[in-house]
2 protein chains.
Amino acid sequence: MDKDNLMQFVRRILPMSRDKAAQLVEKFQPMKIGKNEYLLKEGKVCSETHFIESGTLRAYTYDFDGNEVTTAFYLKHTFAADLLSFFKSNPAKEYIQAVTDCETWYLTYEDMQANFHTIPEFREYGRLNIVEQYSQLKERMLSMLQETAEQRYSRLISSSPEIFQEVPLKYIASYLGIADTSLSRIRKEFAKK
Amino acid sequence: MDKDNLMQFVRRILPMSRDKAAQLVEKFQPMKIGKNEYLLKEGKVCSETHFIESGTLRAYTYDFDGNEVTTAFYLKHTFAADLLSFFKSNPAKEYIQAVTDCETWYLTYEDMQANFHTIPEFREYGRLNIVEQYSQLKERMLSMLQETAEQRYSRLISSSPEIFQEVPLKYIASYLGIADTSLSRIRKEFAKK
DNA sequence: GCTTCTACTTCGCAAATGTCAAGAAATCAG
DNA sequence: CTGATTTCTTGACATTTGCGAAGTAGAAGC
């Protein structure tokens with residue numbers, strides 16, 4: 001397992017030379033996480049950020065009635081971490097669990113800080129990365145505000161069809177903010193078209 | 001009009017000496033915006049960030065059916081800007097409009113970049129600020145996912161009662177993701193308790 | 001003061017979604 | 001392979017929310 005995918009990912013966000021990128025990803029270390037195991041539990045501080053080489057994870061928390069609410073899916077070749085816990089060293093408010101067996105490259109908060117100080121590009125990368133995450137969250141927020149459940153489903157399946165191969169529908173339902181029975185009905189309607 | 005409130009705000013996010021703070025806010029300039037005027041229009045790049053000395057603004061966009069969707073309220077002594085447009089110099093996807101007459105201190109993107117380079121604290125402040133905004137957006141997202149309209153209303157009125165003094169209820173309805181008639185019903189039910 | 005406009009409420013009905021229970025289908029463990 | 005568990009679907013019914021229309025109250029303009 002080499003760091004090619006990681007380097008490609010980093011350079012797509014912030015173009016830079018191969019050498020710079022290599023320097024930037026040097027501190028990342030490999031990890032394996034078995035299916036249903038946790039990368040992070042509520043109350044713990046998220047002290048690493050993981051680039052997913054293979055596998056899928058999801059983040060979730062509970063609502064007032066004790067139902068699981070899926071807040072994010074992390075597919076291969078993206079980063080998985082609780083951004084808030086990681087950057088502010090706060091206890092996490094959610095769980096991050098492996099939906100399938102996973103292999104990741106992870107970077108500790110300390111190593112990231114070291115990179116921030118020694119590599120100006122990394123500082124810029126870090127900032128862009130947060131803005132990017134903010135952007136995605138905002139789109140999802142807007143989608144919740146202005147679209148019906150069916151429209152949200154339609155958007156998700158066309159923008160991220162991979163998710164549907166990787167995770168159970170009930171997680172997707174709670175991610176879309178609807179009951180799993182409602183999702184089932186929406187899929188039925190949707191299939192007719 | 002002096003910069004005391006601005007300095008206080010900045011130092012609350014990132015503690016620093018009075019001198020540092022003074023240096024940091026030096027480039028901010030005053031502006032007045034009349035009721036119903038626009039601080040930003042869709043399609044324009046948001047090239048300044050505004051600290052609101054007095055007054056209230058809101059951000060909004062339109063959904064597929066042409067209805068206004070309020071995405072944010074900006075109360076006095078906070079920052080108003082389209083974060084995504086500002087940091088990425090992209091065309092804004094929304095409008096920012098003054099709900100009442102406003103006075104602001106604004107900083108241009110160029111001046112912010114200059115501050116980033118010359119004042120390390122400001123870099124750190126910028127990053128923390130984005131993380132903070134992300135945090136707030138995430139809470140709202142969760143609130144949409146796990147709470148009923150009435151719970152969201154209840155939460156808003158207890159966390160930000162000021163908003164209800166400043167902006168029409170119909171804006172609040174679209175901010176909560178419901179029709180104004182539904183908000184009216186919810187308020188009626190809510191008043192009984 | 002009068003008119004006009006906007007914000008807000010209320011009503012009746014329709015559409016969307018939730019809840020609960022049952023059963024089918026798929027997956028997992030031994 | 002087989003039984004147990006989990007996931008998914010379906011149906012009946014309740015609840016929430018949206019929509020259009022009508023009416024009221026208050027603010028703004030003249």
Side-chain angles (χ1 to χ4, degrees), chain A residues 34-37 55-56 58 60 62-70 73 97-101 142-157 161 163-193, chain B residues 34-37 56 58 60 62-70 73 97-101 143-157 161 163-193:
Chain A
K35 178 171 176 173
N36 291 331
E37 285 178 15
T56 304
R58 70 166 185 133
Y60 70 92
Y62 293 93
D63 70 12
F64 212 73
D65 302 325
N67 307 310
E68 282 186 8
V69 180
T70 298
F73 295 114
Q97 186 184 32
V99 176
T100 66
D101 288 344
L142 271 179
S143 158
M144 291 295 299
L145 279 177
Q146 45 184 211
E147 294 179 339
T148 65
E150 178 166 347
Q151 287 171 320
R152 296 202 296 279
Y153 168 76
S154 162
R155 171 195 292 268
L156 186 65
I157 203 169
I163 292 180
F164 290 78
Q165 260 96 63
E166 300 285 331
V167 314
L169 286 173
K170 60 173 187 167
Y171 296 160
I172 293 177
S174 81
Y175 178 81
L176 291 173
I178 57 179
D180 52 355
T181 55
S182 297
L183 177 57
S184 196
R185 255 177 311 214
I186 285 171
R187 283 166 60 81
K188 194 175 166 186
E189 282 305 306
F190 195 79
K192 287 185 192 167
K193 298 172 186 169
Chain B
K35 179 172 177 176
N36 292 330
E37 286 178 14
T56 303
R58 69 165 184 135
Y60 70 91
Y62 293 93
D63 71 10
F64 211 73
D65 302 325
N67 306 310
E68 280 186 10
V69 180
T70 298
F73 296 114
Q97 185 184 32
V99 176
T100 65
D101 287 344
S143 158
M144 290 296 298
L145 279 176
Q146 46 183 210
E147 295 179 339
T148 64
E150 178 166 347
Q151 286 171 322
R152 295 201 296 279
Y153 168 76
S154 161
R155 170 194 292 268
L156 185 66
I157 202 169
I163 292 181
F164 290 78
Q165 261 96 63
E166 300 285 332
V167 313
L169 286 174
K170 60 174 187 168
Y171 296 160
I172 293 177
S174 80
Y175 179 80
L176 291 173
I178 57 179
D180 52 356
T181 55
S182 298
L183 177 57
S184 195
R185 252 180 315 213
I186 286 171
R187 281 166 61 81
K188 192 176 170 187
E189 281 307 304
F190 195 79
K192 288 185 190 165
K193 296 172 186 171

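The model shown is predicted, which means the values in this text are computed figures rather than measured ones. Side-chain atoms are counted along with the backbone in the values below, which use heavy atoms only and exclude waters and symmetry mates. So that the names make sense, note that chain A is the first sequence line, chain B the second, and so on, each numbered from 1.
In this structure, A/Leu176 atom CG and C/dA16 atom C1' are separated by 15 Å, rounded to whole Å. What separates CG of B/Asn36 from P of D/dA27 is a distance of 16 Å, to the nearest Å. When the C1' atom of C/dA7 is taken as reference, atom CG of B/Leu183 falls 12 Å away, rounded to whole Å. Between the P atom of D/dT6 and the OH atom of A/Tyr171 lies a distance of 11 Å, rounded to the nearest Å. Rounded to an integer number of Å, the gap from A/Ile172 CD1 to D/dT9 C1' is 15 Å. Distance CD (A/Glu68) to P (D/dT7): 9 Å, rounded to an integer number of Å. Between A/Glu150 atom CD and C/dA15 atom P there is a gap of 14 Å when expressed in whole angstrom units. Between the CD atom of B/Gln146 and the P atom of C/dG18 there is a distance of 14 Å, rounded to whole Å.
Relative to the side chain of A/Ser184, the nucleotides C/dC8, D/dT10, C/dT17 differ in distance, and D/dT10 lies closest. Side chain of B/Lys170, nearest nucleotide from C/dT9, D/dG18, C/dA7: C/dA7. Distances from the side chain of B/Thr181 to the nucleotides D/dC19, D/dG18, C/dC8 place D/dC19 closest.
In plain terms, the two heavy atoms of B/Met144 and B/Leu176 that are nearest each other are SD-O, 3.9 Å. B/Ile178 and B/Ala149 get closest at one heavy-atom pair: CG2-CB, 3.6 Å. Shown here for A/Asp101 and A/Lys35, the closest heavy-atom pair between the two residues is OD1-N, 2.7 Å. Taking both residues in full, the closest heavy atoms of B/Ser174 and B/Glu68 are given as CB-O, 3.7 Å, listed atom of the first, atom of the second, then distance. The nearest pair of heavy atoms linking B/Thr70 to B/Tyr60 is CA-CB, 3.9 Å.
Taking the C1' atoms of five terminal pairs at each end of the helix from C/dG1-D/dC30 to C/dG30-D/dC1, the two resulting helix axes are inclined by 60°, rounded to 10°.
Taking the six-membered ring where the residue is Trp, the centroids of A/Phe164 and A/Phe73 are separated by 6.0 Å or more.
Using a 4.0 Å heavy-atom criterion, one finds that B/Arg187 contacts the sugar-phosphate atoms exclusively.
Toward the 5' end of DNA chain C, the nearer of the two residues B/Asp180 and A/Thr148, judged by each one's closest nucleotide, is B/Asp180.
Donor-acceptor pairing under 3.5 Å, judged by distance alone, is present between the side chain of B/Arg185 and the base of D/dG18.
In this structure the side chain of B/Pro168 reaches within 4.5 angstrom of the side chain of B/Val99, judged on heavy atoms.
B/Ser182 has no side-chain polar atom (N or O) that falls below the 4.0 Å cut-off from OP1 or OP2 of D/dT17. In this model, the phosphate group of D/dG11 is approached by a side-chain N or O of A/Lys188 to a distance below 4.0 Å at OP1 or OP2. For C/dC28, the OP1/OP2 oxygens have a side-chain nitrogen or oxygen of A/Lys35 closer than 4.0 Å.
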